[in-house]
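Notes follow the structure.
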Protein chains: 2
Amino acid sequence: MGVTKTEFYTEEQIAFSTIIKALGHPARLAIIDHLLKVNSCICNDLVNEIQLAQPTISQHLKELKNVGLIKGNIEGASICYCIDEKVIAKVQNYFNRFVEVLNSKKSNCC
Amino acid sequence: MGVTKTEFYTEEQIAFSTIIKALGHPARLAIIDHLLKVNSCICNDLVNEIQLAQPTISQHLKELKNVGLIKGNIEGASICYCIDEKVIAKVQNYFNRFVEVLNSKKSNCC
DNA sequence: TAATTATATTGCAATATTACGATATGTTTT
DNA sequence: AAAACATATCGTAATATTGCAATATAATTA
């Protein structure tokens with residue numbers, strides 16, 4: 001049906017899959033990579049950096065903003081986007097805990 | 001168009017977004033969570049654990065297998081799935097490096 | 001070997017995503 | 001104020017994803 005059943009998952013599963021899903025597209029990873037590379041926050045040099053039309057970039061930015069991965073500040077005519085460290089840290093923690101649990105029980109059959 | 005343009009991204013961006021995308025669904029996170037919880041590798045108790053039809057679970061397992069996040073071993077009539085630690089570790093590293101870079105340049109405008 | 005159990009595949013309907021042209025909105029410059 | 005720039009939104013076409021019933025496949029048990 002194309003519709004994800006959400007009623008049976010934990011809050012955490014839904015919250016994390018939503019954030020992670022936003023990172024599951026190369027254009028959005030490229031945006032994040034670029035925001036990370038240029039020290040200061042960057043607006044739509046992204047449109048020049050990434051080979052996608054401006055509305056498409058805008059749409060991807062919106063998705064990243066929706067899940068809280070980036071923040072945008074109006075800066076005159078343009079908008080200054082940057083990564084929200086707290087949300088990225090949450091994702092980092094998720095995977096760190098993950099690997100910790102994995103390591104604590106070294107009993108894989110495969 | 002629904003079709004992702006891949007020709008302009010780095011190998012890494014494509015590789016990681018593909019793996020991460022597979023984790024961007026609550027059912028697949030639930031599968032991974034469950035594989036992590038039960039010490040030994042588990043087959044399709046998943047069908048009982050997760051409130052989705054058997055073909056749907058099978059499909060999600062396939063996606064996780066395709067990106068290498070899990071491996072499956074035939075065990076008599078059933079199949080024993082487990083997490084591939086190496087691939088998860090790669091994801092962990094990605095985010096760790098990420099946060100490292102973020103911390104090294106504390107110059108966010110937002 | 002027939003029935004049962006475990007899993008995968010096929011086919012399909014409903015919905016979501018991706019991408020972009022056209023256009024709207026808001027700011028700065030002239 | 002008009003032109004130019006920066007960004008967002010709308011509408012839409014193409015494609016992908018989600019979920020499942022039906023069915024296929026393969027191993028196990030009776």
Side-chain angles (χ1 to χ4, degrees), chain A residues 1-9 13-14 17-31 34-35 41-67 70-82 109-110, chain B residues 1-9 13-14 17-31 34-35 41-67 70-82 109-110:
Chain A
M1 292 151 182
V3 115
T4 297
K5 284 182 157 189
T6 55
E7 58 269 42
F8 302 118
Y9 306 109
Q13 280 161 354
I14 290 176
S17 63
T18 305
I19 297 174
I20 288 172
K21 183 182 186 181
L23 291 170
H25 190 286
R28 293 193 290 268
L29 267 196
I31 289 173
H34 193 253
L35 287 178
C41 302
I42 274 301
C43 336
N44 269 25
D45 320 312
L46 290 168
V47 176
N48 302 311
E49 267 295 313
I50 299 172
Q51 287 309 77
L52 288 172
Q54 179 267 322
T56 310
I57 301 274
S58 190
Q59 196 177 266
H60 283 305
L61 284 168
K62 193 178 175 184
E63 278 176 76
L64 289 170
K65 212 172 18 171
N66 280 344
V67 302
I70 63 174
K71 290 179 289 188
N73 258 48
I74 296 170
E75 198 119 309
S78 40
I79 292 182
C80 176
Y81 280 110
C82 66
C109 62
C110 316
Chain B
M1 293 154 183
V3 116
T4 298
K5 285 181 157 188
T6 55
E7 59 270 41
F8 303 117
Y9 307 109
Q13 280 162 355
I14 292 177
S17 64
T18 305
I19 297 173
I20 289 171
K21 183 182 187 181
L23 291 170
H25 190 287
R28 292 193 291 268
L29 268 196
I31 289 174
H34 193 251
L35 287 179
C41 303
I42 273 301
C43 336
N44 269 27
D45 318 314
L46 289 168
V47 176
N48 301 312
E49 266 296 313
I50 299 172
Q51 286 310 76
L52 289 172
Q54 179 267 321
T56 309
I57 301 273
S58 189
Q59 194 176 267
H60 283 306
L61 284 168
K62 194 178 176 184
E63 278 176 75
L64 290 170
K65 211 171 19 170
N66 280 344
V67 302
I70 64 174
K71 290 180 289 188
N73 258 47
I74 297 171
E75 199 119 308
S78 40
I79 292 183
C80 176
Y81 280 109
C82 65
C109 62
C110 316

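Predicted model, so just to flag it, every value in this text is computed and none were measured. In what follows, chains carry the letters A, B, and so on, assigned in the order in which the sequence lines appear, proteins first and then strands, with residues in each chain numbered from 1.
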Sequence neighbours excluded, every pair satisfying side-chain hydrogen bond (donor to acceptor under 3.5 Å, both in side chains) that has a member inside residues 18-30 of chain B: Thr4(A)-His25(B), Arg28(B)-His60(B), Arg28(B)-Glu63(B)
Given that Thr4(A) and Gln59(A) both sit by DNA chain D, which one's nearest nucleotide is further toward the 5' end? Gln59(A)
Start at the 5' end of DNA chain D and walk down; is the nucleotide closest to Lys65(A) or to Lys5(A) reached first? Lys65(A)
From [atom1] of [X] over to [atom2] of [N], roughly how many Å is that when rounded to an integer?
{"X": "Tyr81(B)", "N": "dA6(C)", "atom1": "OH", "atom2": "P", "result": "15 Å"}
{"X": "His25(A)", "N": "dT17(C)", "atom1": "NE2", "atom2": "P", "result": "11 Å"}
{"X": "Ile50(A)", "N": "dT18(C)", "atom1": "CD1", "atom2": "P", "result": "14 Å"}
{"X": "Leu52(B)", "N": "dC20(D)", "atom1": "CG", "atom2": "C1'", "result": "10 Å"}
{"X": "Leu46(A)", "N": "dT7(D)", "atom1": "CG", "atom2": "P", "result": "9 Å"}
{"X": "Asp45(B)", "N": "dT5(C)", "atom1": "CG", "atom2": "P", "result": "15 Å"}

Nearest-nucleotide wise, let me know which of Lys21(B) and Ile79(B) is further upstream toward the 5' end of DNA chain C. Ile79(B)
Judged by nearest nucleotide, the residue sitting upstream toward the 5' end of DNA chain C, Lys62(B) or His60(A), is Lys62(B)
Contact class for [X] (heavy atom, under 4.0 Å): base, sugar-phosphate, or nothing?
{"X": "Glu63(B)", "answer": "sugar-phosphate"}
{"X": "Ile57(B)", "answer": "nothing"}
{"X": "Ser58(B)", "answer": "base"}

Each nucleotide of nucleotides 21-30 of chain C classed B (base within 4.0 Å of a protein heavy atom), S (only sugar-phosphate) or -, in 5' to 3' order, makes BB----SS--
Any side-chain N or O of Thr56(B) below 4.0 angstrom from OP1/OP2 of dC20(D)? yes
Please name all residues satisfying side chain to side chain contact (heavy atoms under 4.5 Å, CB included) with Gln54(B), sequence neighbours left out, ordered by chain then number. Val47(B), Ser58(B)
Please name all residues satisfying side chain to side chain contact (heavy atoms under 4.5 Å, CB included) with Leu46(B), sequence neighbours left out, ordered by chain then number. Ile31(B), His34(B), Asn44(B), Ile50(B), Ile57(B), Leu61(B)
Contacts of Lys5(A) that satisfy side chain to side chain donor-acceptor pair (under 3.5 Å) - sequence neighbours left out: none
By the salt bridge (charged side-chain N to carboxylate O under 4.0 Å, His left out) test, which pairs, at least two apart or in different chains, include something from residues 45-62 of chain A? none
Which atom names give the shortest non-hydrogen contact between Ala22(A) and Val67(A), and what distance separates them? CB-CG2, 3.7 Å
Taking all atoms of both residues into account, what is the closest heavy-atom pair of Tyr9(A) and Ile14(A), and its distance? CB-CG1, 3.9 Å
